[in-house]
Amino acid sequence: MNFTSRLLKWYNENKRDLPWRESREPYKIWLSEIILQQTRIVQGLAYYHRFLDKFPDIQALADASEDDVLSLWQGLGYYSRARNLHYTAREIAERYGGKFPDNYKDLLELKGIGPYTAAALASIAFNKPHATIDGNVTRVLARYFGITDPVNETKIKNQISEAANELIDPQLPGMFNQAMMDLGATICKPGKPSCNICPLNNECVARVKGIEEIIPVKTSKVKQRERFFHFFLLHTHNGNERLLLTEKREQNDIWKNLYQLPLIETPGVELTKKVMIQHPVLDRLISDNIPVIPEGRVQHYSHVLTHQRLQAFFYNIPLPSDYYPNFDGAYNWVTFGAFQKLGKPILIARFIEIFRDFFENK
DNA sequence: AATTCGGGGCA
DNA sequence: TGCCCAGAATT
């Protein structure tokens with residue numbers, strides 16, 4: 001038996017039972033692929049069900065607001081995926097009559113669909129022979145061929161892609177792709193691969209040479225920067241219910257289009273009055289003689305992202321009753337219930353939970 | 001070609 | 001801590 005038939009035989013006996021494999025609807029395949037970009041299946045699973053439940057078809061997703069989509073995506077990270085998901089749903093609903101293009105080239109034109117996702121859709125939903133190249137496939141083939149060059153270099157990536165597209169079963173391209181990924185995820189794992197039970201162990205160059213644990217080689221080292229965030233929980237009471245002030249993040253930065261508490265970012269840990277009076281909201285409070293100085297600091301979190309280490313400080317600033325001036329732009333007064341429904345960075349969601357009782361007891 | 005975009009799980 | 005995850009878009 002050759003590579004492909006051994007792989008497919010293994011897959012038929014060992015494949016994982018995953019909900020999106022019960023259907024070949026492009027919408028469901030697409031949704032699962034977007035959710036799973038840079039995301040582990042265990043983490044994405046609940047989101048897949050949640051999205052399908054709330055948006056059972058592409059029209060439902062297209063009809064939703066971006067806020068609703070971002071809210072449902074809360075906690076998954078890489079929020080541009082959610083924005084592009086929503087954008088493309090509308091694109092397909094309006095321009096393509098609700099039907100996905102059925103070929104790799106046209107799929108690639110859609111926002112949020114790159115080489116991997118276009119190949120996944122083309123092969124799984126439309127039975128076209130395009131190999132998916134993800135972290136799993138890269139690892140499997142780098143080991144199988146004993147590639148000791150860095151797999152994150154374009155030249156090597158192209159080699160791996162060519163190899164995968166030669167190995168792919170033109171009759172069962174979707175099955176081949178999923179088999180490669182399953183093998184990478186369950187046998188040919190990053191840490192200690194289970195070579196003893198691998199269907200390809202006889203001919204795997206890395207296995208034969210005993211170098212499976214040093215492949216794949218990668219060169220890129222991520223450099224992190226440190227940032228200091230000061231968030232202000234500003235809240236008042238309008239005689240009927242409590243209100244708090246939100247800010248929408250509209251810049252090209254992390255968490256774009258998510259909601260947070262009014263923020264001042266500083267170059268170092270300290271927060272000076274000088275900086276505070278440059279902030280539209282804080283400046284107004286200070287002018288109105290409302291105490292806002294850091295004695296109200298109530299919480300501190302460190303939060304690690306791929307390229308940033310965040311130090312987040314939170315300040316609790318009670319305001320006089322019925323004091324909720326209008327601010328321009330991205331600021332809005334909302335109830336706790338309304339704030340809960342907005343898509344927020346997980347950092348903010350975690351913090352505000354501390355105040356749930358406070359807000360719910362009026 | 002290099003950088004940036006989250007968050008969680010695990011050795 | 002560092003690495004990885006069914007990557008894509010931007011610089």
Presence of A/Lys223 side-chain N/O under 4.0 Å of B/dT3 phosphate oxygens OP1/OP2: yes
Atom CG of A/Leu258 and atom P of B/dC5: how far apart are they, to the nearest Å? 14 Å
Given the P atoms of C/dA6 and B/dC10, what is the spacing between them in whole Å? 13 Å
A/Tyr144: partners by ring pair (Phe, Tyr, Trp, His ring centres under 6.0 Å), with sequence neighbours left out: A/Phe3
Quickly work out the A/Ile215 CD1 to C/dC4 C1' distance and round it to whole Å. 17 Å
A/Pro345 has a side chain; which of C/dC5, B/dG7, B/dC5 sits nearest to it? B/dG7
Just grab all the salt bridge (Lys or Arg N to Asp or Glu O under 4.0 Å) pairs involving residues 180-192 of chain A, residues at least two apart or on different chains. A/Arg16-A/Asp182, A/Arg21-A/Asp182, A/Lys192-A/Glu213
Report the residues that fulfil ring pair (Phe, Tyr, Trp, His ring centres under 6.0 Å) with A/Phe126, sequence neighbours left out, ordered by chain and then residue number. none
Donor-acceptor pairs under 3.5 angstrom involving side-chain atoms of residues 110-119 of chain A: please list them, not counting sequence neighbours.
from: A/Tyr116; atom 1: OH; to: A/Glu33; atom 2: OE1; distance (Å): 2.6
from: A/Thr117; atom 1: OG1; to: A/Gln37; atom 2: NE2; distance (Å): 2.9

Using the P atom as the reference point in each nucleotide, state the distance between B/dG6 and C/dT11 in Å, no decimals. 15 Å
Which whole-number value in Å describes the distance from A/Glu226 CD to C/dT1 P? 12 Å
Using whole Å, what does the distance between atom C1' of nucleotide C/dC3 and atom CD of A/Glu213 come to? 14 Å
If the threshold is 4.0 Å, N to carboxylate O, is there a salt bridge linking A/Glu265 and A/Arg227? yes
Measure the distance from CZ on A/Arg350 to P on B/dG7 and round it to the nearest whole Å. 9 Å
Under a 4.0 Å heavy-atom cutoff, the residues of residues 303-313 of chain A touching DNA chain C are none
Under the ring pair (Phe, Tyr, Trp, His ring centres under 6.0 Å) test, which residues partner A/Phe339, sequence neighbours left out? none
Counting only heavy atoms and a strict 4.0 angstrom limit, can you tell me which residues of residues 142-160 of chain A come near DNA chain B? A/Thr154
Share the residues that join A/Leu108 in a hydrophobic cluster, the rule being Ile, Leu, Val, Met, Phe, Trp or Tyr side chains under 4.5 Å apart at the heavy-atom level. A/Tyr104
So A/Gly184, base contact, sugar-phosphate only, or nothing? Heavy-atom distance under 4.0 Å. nothing
Do any pairs count as a salt bridge (Lys or Arg N to Asp or Glu O under 4.0 Å) and have a residue in residues 304-320 of chain A, sequence neighbours left out, and if so which ones? A/Glu226-A/Arg309
Closer than 4.0 angstrom, basic N to acidic O: yes or no for A/Arg356 and A/Glu353? yes
Relative to the ring of A/Phe231, is the ring of A/Phe314 parallel (under 30°), tilted (30 to 60°) or perpendicular (over 60°)? parallel
Roughly how far apart, to the nearest Å, are B/dT3 and C/dC3 at atom P? 16 Å
Using atom types as modelled, flag every donor-acceptor pair under 3.5 Å from a side chain in residues 317-330 of chain A to any protein atom, sequence neighbours excluded.
from: A/Tyr323; atom 1: OH; to: A/Asp288; atom 2: OD2; distance (Å): 2.5

Rounded to the nearest Å, what distance is computed from the CD atom of residue A/Gln224 to the P atom of nucleotide C/dC3? 11 Å
Those residues at least two apart in sequence (or on a different chain) that pass ring pair (Phe, Tyr, Trp, His ring centres under 6.0 Å) with A/Phe145 are none
What is the per-nucleotide protein-contact pattern of nucleotides 6-11 of chain C, from the 5' end, where B denotes a base atom under 4.0 Å from a protein heavy atom, S denotes such proximity for sugar-phosphate atoms only, and - denotes neither? BBSS--
Report the distance from atom CG of A/Leu76 to atom C1' of B/dG9, rounded to the nearest whole Å. 14 Å
